[in-house]
Amino acid sequence: MDENTFTENFNNQGWPSKTFLCYMVERLDGDAEIPLDEYKGFVRNKGRDQPGEPCHAELYFLEQIRSWNLDRNQHYRLTCFISWTPCYNCTQKLTTFLEENRHISLHIFASRIYTVDDSGSRQSGLCALQAAGARITIMTSKDFERCWVTFVDHKEKPFQPWEGLEVKSQELCDELQAILRDQ
DNA sequence: ATTTTCAAT
Ligand SMILES: [Zn+2]
């Protein structure tokens, strides 16, 4: 991913009308975490401005995971950094996937909270996803840096936090905690 | 073009 794509989409004070999702996979073996770099990558949604049916980033992500056919006798952790939290429909798809694939754990780090769905269904969607075993958290400075280092063509430049990153992250974190605690 | 959330208006 190039530097501008990262900055435009992951800045937690922005309002981009598109979504990027970066993913990485580790195999868990006892206490060991073995990175599987061949499964590292990122996807973005297909918007209304592009030909064909629109499709959210999460659904492309699920398509990728399914194509890997990860060994059911092993245990894997999927980590993803996503610029907007999943909508209700996507949380349902992810929840079903986790229920059907107990050998896979999912940890979602989100830059911003997507609040287009009506609040009732959004809450139940994220809560159900959490209940299915997913960890859902708001990206902190450390998470933005990890995403930068792992996915951005940073040309050896260190991650530069933007003004207000921490404050915004804390606000969103409180908001997400309230959503996940409610039900 | 504006407002601004995987657009909608
Ligand atoms: Zn969605």
Side-chain angles (χ1 to χ4, degrees), chain A residues 1-25 39-67 78-98 106-130 132 134-141 143-144 146-148 150-152 161-183:
Chain A
M1 174 178 294
D2 68 54
E3 197 180 325
N4 286 340
T5 302
F6 174 82
T7 305
E8 285 167 16
N9 288 282
F10 281 89
N11 185 312
N12 57 6
Q13 292 158 326
W15 305 270
S17 55
K18 57 194 168 184
T19 296
F20 279 77
L21 186 162
C22 305
Y23 55 86
M24 55 191 284
V25 186
Y39 299 135
K40 196 176 81 171
F42 69 91
V43 290
R44 67 151 292 177
N45 71 297
K46 188 164 74 175
R48 312 234 172 229
D49 52 342
Q50 294 164 282
E53 283 293 306
C55 179
H56 280 189
E58 296 90 326
L59 304 185
Y60 287 125
F61 177 46
L62 277 176
E63 208 170 88
Q64 288 285 312
I65 302 167
R66 290 205 165 93
S67 75
L78 270 49
T79 301
C80 69
F81 299 96
I82 187 166
S83 54
W84 289 112
T85 53
C87 71
Y88 180 60
N89 181 49
C90 288
T91 58
Q92 285 195 305
K93 294 282 202 305
L94 289 165
T95 299
T96 302
F97 177 81
L98 289 181
L106 178 64
H107 197 160
I108 298 173
F109 295 90
S111 173
R112 299 171 302 263
I113 299 174
Y114 184 72
T115 54
V116 163
D117 308 330
D118 72 79
S119 59
S121 61
R122 183 179 84 254
Q123 291 186 9
S124 60
L126 287 172
C127 285
L129 183 53
Q130 180 176 250
R135 311 306 315 161
I136 310 167
T137 57
I138 294 296
M139 289 172 78
T140 62
S141 184
D143 302 320
F144 285 115
R146 186 168 171 219
C147 186
W148 168 271
T150 310
F151 295 100
V152 178
W162 48 88
E163 190 72 27
L165 182 158
E166 293 284 2
V167 172
K168 189 67 185 175
S169 173
Q170 189 56 55
E171 279 175 19
L172 292 170
C173 184
D174 292 345
E175 194 179 326
L176 182 65
Q177 290 315 311
I179 291 170
L180 294 176
R181 192 172 46 230
D182 258 9
Q183 310 210 349

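Keep in mind that this is a model prediction, so the values were computed, not measured. Every chain is numbered from 1, with letters handed out A, B, ... down the list of sequences.
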Q: Please tell me if the side chains of A:Arg112 and A:Ser83 come closer than 4.5 Å, counting only heavy atoms from C-beta onward.
A: yes
Q: Round to a whole Å and report the spacing from NZ of A:Lys18 to P of B:dA7.
A: 11 Å
Q: Using the six-membered ring wherever Trp is involved, compare the ring planes of A:Phe42 and A:Phe20 and label them parallel, tilted or perpendicular (cut-offs 30° and 60°).
A: tilted
Q) Separation of A:Asp49 atom CG from B:dT5 atom P, in whole Å? A) 15 Å
Q.
Could you check whether any side-chain N or O of A:Asn45 sits under 3.5 Å from a backbone N or O of A:Lys18, counting only pairs where one atom can act as donor and the other as acceptor?
A. no
Q. With no hydrogens and no angle check, is any side-chain donor or acceptor of A:Gln92 less than 3.5 Å from a backbone partner on A:Asn89?
A. no
(Q) Both atom distances under 3.5 Å, Watson-Crick or G-U wobble: I'd like the secondary structure of DNA chain B as a dot-bracket string, with | for pairs made across strands. (A) ((.....))
Q | Rounded distance (Å) that lies between atom P of B:dC6 and atom CZ of A:Phe10 | A | 15 Å
(Q) Checking contacts here: which listed nucleotide (B:dA7, B:dT4, B:dC6) is nearest the side-chain heavy atoms of A:Pro54? (A) B:dA7
Q. For residues A:Asp143 and A:Thr140, is any side-chain donor paired with an opposing acceptor at under 3.5 Å?
A. yes
(Q) In this structure, how many angstroms lie between the P atom of B:dC6 and the OH atom of A:Tyr88, rounded? (A) 18 Å
(Q) For residues 57-67 of chain A, which residue pairs pass the side-chain hydrogen bond (donor to acceptor under 3.5 Å, both in side chains) check, not counting sequence neighbours? (A) A:Tyr23-A:Gln64
Q: Find the distance A:Arg44:CZ to B:dT5:P and express it as a whole number of Å.
A: 16 Å
Q: Quickly work out the A:Tyr114 OH to B:dA8 P distance and round it to whole Å.
A: 8 Å
Q) When all nucleic acid strands are considered with a 4.0 Å heavy-atom cut-off, which category describes A:Arg48: base, sugar-phosphate, or nothing? A) sugar-phosphate
Q: Starting from P on B:dC6, measure out to CG on A:Asn89 and report it in whole angstrom.
A: 14 Å
**Q.** A:Trp84 side-chain N/O to A:Ser17 backbone N/O, donor-acceptor pair under 3.5 Å
**A.** no
Q: Quickly work out the A:Lys46 NZ to B:dA7 C1' distance and round it to whole Å.
A: 17 Å
Q) Is A:Trp84 stacked on the base of B:dT5, meaning ring centres closer than 5.5 Å and planes within 30 degrees of each other? A) yes
